Amino acid sequence: MLNKLNSLHLRINRQILFPASSLIFSNSTVSAAKLDSHEPTVITTSISPIDPNPSDPVRDIVADLKNLGFRRFIGENYVRDFDDLRLNESQVDRIFDCLRTESPVVAVQLFHWLRSEYGFKHSRYSSFVVSHVLASKKRFKELRFVLEQMLQEEGSDSAPSLCELLLNSFRDWGSNSEVCDMLAFVYSRSEMVHDALFVLAKMKDLNLKVSIQTYNSLLYNLRYTDIVWDLYHEIKVNATPQSEYTTSILIDGLCQQSRVQNAVLFLQETAGEEFGPSVVSFNTIMSRCCKLGFAEAAKALVCMMLKYGLHPDAYSYNILIHGLCVAGSMEEALEFTNDMQKHGVKPDTLTYHILAKGFHLLGQMTGAWEIIQKMLVKGLNPDLVTYTALICGHCQIGNIEEGLRLREEMLSQGIPLNAISYSVLLSCLCKRGQVDEALRLFYEMETAGLNADLVTYSILIHGLCKQEKVQKAIQLYDEMCSKKIYPNSFTLSAILLGLCENEMMSEARMYFDTLTMCDLTQDIILYNIMIDGYVKVGNIGEALQLYNQIIEKRITPSIVTFNSLIYGLCKNGMVAEARRWLLENIMLHGLEPSTVTYTILMNAYCEEGNMHCLFKLLEEMRAKAIGPSHITYTVVIKGLCKQWKLQEAIRLLEDMYAEGLTPDQITYNTIIQCFCKAKDIKTAFQLHEEMLLHKLEPTPVTYNILINGLCLYGDLKDADNLLFSLQKSDISLTKVAYTTIIKAHCVKGDVNKAVVYFRHMVEKGFEISIRDYSSVINRLCKRCLISEAKSFFRMMLLDGYRPDQHICEVICNAVYQGGDISSMFELAAGMIKSGLVPDKFMRKKGNSAATKFSMNVFCVLFYSLRRSSTSPLLQLRPLLPRPCCNAAASSSLNIIIVFINFSLLCLVLTLIIGNFKTTLIHHTLMCNSVVLFHLKTRRLVALWQRKTPNSIFRNSCAERW
DNA sequence: ATAGGGTTAG
């Protein structure tokens with residue numbers, strides 16, 4: 001009962017009395033002094049002996065600690081007493097000073113206890129006292145901890161004052177050398193290298209021994225500088241016994257600076273020493289070689305290792321296998337995996353991950369899958385990286401659902417995702433255009449306490465730019481910078497790419513020019529994106545200009561630069577020119593054409609229908625051992641389809657699987673479309689089944705193709721059923737699926753069904769354009785379903801769409817044909833109100849109803865312009881045949897009338913102008929003519945006739961009129 | 001203190 005009360009009291013007591021550590025002491029001069037002064041505080045401590053006077057609290061505490069021992073001292077009663085005391089810093093220092101000789105163990109215990117229980121900040125003196133105690137007992141781990149805590153509080157540039165204290169007050173203490181050494185070590189480990197070097201210099205003055213651990217740590221921190229070689233010299237001179245790490249740290253330093261050759265030479269120099277060439281050192285050099293792309297050199301190093309009697313370990317093999325995989329030499333990588341096993345080194349999860357990545361890089365997803373499966377069969381546990389690889393595999397083929405399912409599985413297995421695994425999912429969502437989903441996942445990731453890194457931000461910024469959500473992208477960009485994550489060429493390129501993909505070329509160029517001004521465009525990638533952007537919008541001139549800029553700036557173009565230019569040339573129909581570029585410029589720059597280069601050219605030949613050249617290039621690729629990708633094969637399949645070699649196309653598809661290349665959705669879409677065109681709907685659907693079997697999620701385009709196939713060559717009812725079941729399964733579709741089926745029903749004359757689907761399309765939230773209405777109206781008009789067309793037109797107006805030029809012309813034409821003149825005028829008036837002009841008909845030849853009509857509309861138009869505008873000619877100019885314009889420009893006319901049919905003209909003019917004297921114009925002159933009037937005098941000024949030019953006006957006659 | 005996964009040009 002008493003104990004319980006006491007402990008309760010203690011808890012309350014502590015809460016009340018010791019919310020902060022400084023409360024223990026009445027005097028906290030040290031911390032105050034530190035805050036006020038910029039100079040490090042130098043304390044010269046003189047410890048006074050214990051006062052025999054019984055009122056000295058230190059005396060009692062020390063006596064109790066010694067007599068009772070620490071355990072009993074911290075029993076509740078004493079603690080209470082201790083709590084109630086107010087001790088100043090020098091009193092505590094005295095306690096430690098007294099204890100260290102008589103009860104050193106208790107001194108250490110008290111030291112820790114005060115800090116852990118009260119968060120007490122010890123003085124430098126006490127810390128050093130305890131440090132010496134620990135050093136003398138060889139409790140180095142604790143010593144390191146004490147000094148670490150001390151340096152955390154002292155910060156950098158504290159070495160001079162700490163050394164002074166240490167060397168003044170502790171010079172003769174037995175463990176000074178160890179404490180000094182540990183101090184230097186901890187400074188170095190805390191990345192306060194200057195302080196560490198200061199301590200080292202002092203030690204040198206006093207002839208104190210520096211341990212190899214301290215040297216090693218300093219060597220590591222200074223590995224990019226030449227100071228390391230001074231330090232290394234010092235180690236040699238002092239005959240400090242080295243450790244196995246010393247040489248490997250130096251080797252690592254050289255490697256980090258890409259001085260691989262120096263590293264090898266240095267390693268050879270250390271041969272014969274106790275810690276000469278080691279497996280770790282070799283691994284370090286091999287790793288660097290591979291990173292620099294010299295997998296061959298890494299292989300040679302393995303031989304060198306064996307010569308030194310060293311055996312490659314799992315690291316060595318994994319490094320080498322990784323190097324080979326990145327270099328694309330999968331065969332050799334697999335050979336070394338076997339070799340590894342033969343030498344008794346078991347491939348581990350890392351080995352499998354490396355191999356999977358290798359296949360992945362080559363686009364051989366099947367190979368990657370098989371490797372991961374093999375790993376799981378071998379009983380190796382999937383870890384975060386394995387899962388990431390699996391998620392990546394699913395995401396690659398667009399199966400985000402499976403990716404998200406795996407995420408759930410990971411969480412249930414207690415494997416939390418990191419920024420990388422989230423990035424894979426985010427990237428997949430962005431690629432599918434689900435940026436909002438991606439943002440949601442991103443916030444979820446942040447809520448889970450994961451920090452987005454540069455890559456994560458780059459993915460999102462790219463996704464947002466691509467969707468024209470530039471504002472949000474900029475917001476994220478600012479957020480990223482505020483987190484001190486600075487953009488690299490990836491981030492810059494994400495923005496640039498986003499702008500280019502939106503065909504916002506002028507904005508992209510502005511951004512690019514800004515980067516150039518800041519000298520940030522040394523990176524060829526940024527140039528490549530710009531060039532590619534220009535090429536895609538067909539501006540090959542601007543692209544070539546940028547290429548010249550690259551050459552002027554002496555930036556080395558990459559194969560991608562050429563690929564884009566070749567694409568541009570091909571797109572402009574300059575295939576032969578493109579082929580020449582391939583042969584001349586690429587070779588000139590010492591570059592090798594890539595799979596992409598060949599694929600672009602092959603595609604161009606395919607478009608031209610030049611299968612001969614296409615297959616010649618395929619052979620050339622094979623001869624050069626440039627592996628075709630799944631895209632290359634897709635192009636070949638497209639070519640075969642064009643030639644109606646359907647069976648060969650199917651065979652090639654099978655070959656792809658056999659070669660480990662995974663056909664993607666576009667491959668299937670190509671071949672399915674071909675079978676649809678060949679009216680073999682059955683096989684088309686079989687191929688669709690095959691896609692599902694290979695876990696390839698059909699794209700909305702796949703369904704567009706199938707629906708279109710059924711509409712054109714199959715039963716429209718089947719198309720209805722397919723669309724219905726797709727809608728029911730909530731499979732994502734594009735607008736095209738709807739417009740296709742609407743078109744089919746219009747053609748068949750089933751307006752009701754067309755309207756129903758049109759309503760579906762609107763309800764699904766697709767952006768409906770005026771074109772969607774006009775194409776339906778157009779089709780209905782073509783089938784002379786005038787009243788249906790009119791009701792559709794009304795529906796459009798009700799939906800809030802303003803009719804455009806084209807739709808007016810179509811509907812006007814239709815009502816005119818139906819003889820509904822009043823509707824026609826109604827529409828014409830509506831058009832003029834909307835500022836529309838019947839411009840296309842003016843240029844149409846022939847005496848079609850449309851032309852007749854348009855002439856009349858033109859009159860109406862002209863009239864309203866005359867009333868509203870001071871210069872009708874200026875506005876009418878673009879509508880008139882060229883000679884008419886010239887005449888109008890040269891004289892100060894302010895009226896033109898263009899017409900063909902006299903009776904209609906009279907009608908219109910009478911309707912509009914009322915008292916217009918039609919008799920001024922002779923009937924016979926009016927057919928197929930354009931007449932120019934002067935408004936005020938109402939005199940005929942000029943006339944153009946189509947068939948037989950009137951002799952009076954022959955001189956003004958134009959070629960076409 | 002040496003090895004693995006994600007973003008970018010067709």
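Since the model is a prediction, treat every value here as computed from it, not as a measurement.
Here B/dA1 presents its P atom at 12 Å from CD of A/Glu191, a figure rounded to the nearest Å. The distance from atom OH of A/Tyr224 to atom P of B/dA1 is 13 Å, rounded to the nearest whole Å. Taking atom NZ of residue A/Lys536 and atom P of nucleotide B/dT8, one finds them 13 Å apart after rounding to whole Å. Rounding to whole angstrom units, CG of residue A/Leu526 and C1' of B/dA9 are separated by 11 Å. Residue A/Ile525 contributes atom CD1, which lies 14 Å from atom C1' of B/dG10 at whole-angstrom precision. A/Ile524 places its CD1 atom 14 Å from the C1' atom of B/dT8, with the value rounded to the nearest Å. When the C1' atom of B/dG10 is taken as reference, atom NE2 of A/His630 falls 11 Å away, rounded to whole Å. Whole-Å rounding puts the A/Leu496 CG to B/dA9 P distance at 10 Å.
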- prompt: How would nucleotides 2-7 of chain B be written as a contact map, 5' to 3', with B for base contact, S for sugar-phosphate-only contact and - for no contact, using protein heavy atoms under 4.0 Å?
  reply: BBBBBB
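Among the protein residues, A/Asn603 comes within range of no part of the nucleic acid, since none of its heavy atoms lies under 4.0 Å from any strand. Heavy atoms of A/Thr595 sit under 4.0 angstrom from at least one base atom. At the heavy-atom level, A/Tyr245 lies under 4.0 Å from base atoms of the strands shown.
Applying the ring pair (Phe, Tyr, Trp, His ring centres under 6.0 Å) rule to A/His589 yields the partners A/Phe562; only residues at least two apart in sequence or on another chain are considered. By the side-chain contact (heavy atoms from CB on, under 4.5 Å) test, A/Ala494 is found to be paired with A/Ile461, A/His462, residues two or more places apart in sequence or in another chain being considered. The side-chain contact (heavy atoms from CB on, under 4.5 Å) test applied to A/Ile666 returns A/Thr634, A/Asp664, A/Thr670, not counting sequence neighbours. The side-chain contact (heavy atoms from CB on, under 4.5 Å) search around A/Tyr224 returns A/Gln256, A/Gln257, not counting sequence neighbours. Listed by chain and number, the residues in a ring pair (Phe, Tyr, Trp, His ring centres under 6.0 Å) with A/His394 are A/Trp369 (sequence neighbours excluded).
Without hydrogens or angle criteria, A/Ser427 side chain to A/Ser423 main chain gives no donor-acceptor distance under 3.5 Å.
Between A/Tyr457 and A/Phe442, the distance from one ring center to the other falls under 6.0 angstrom.
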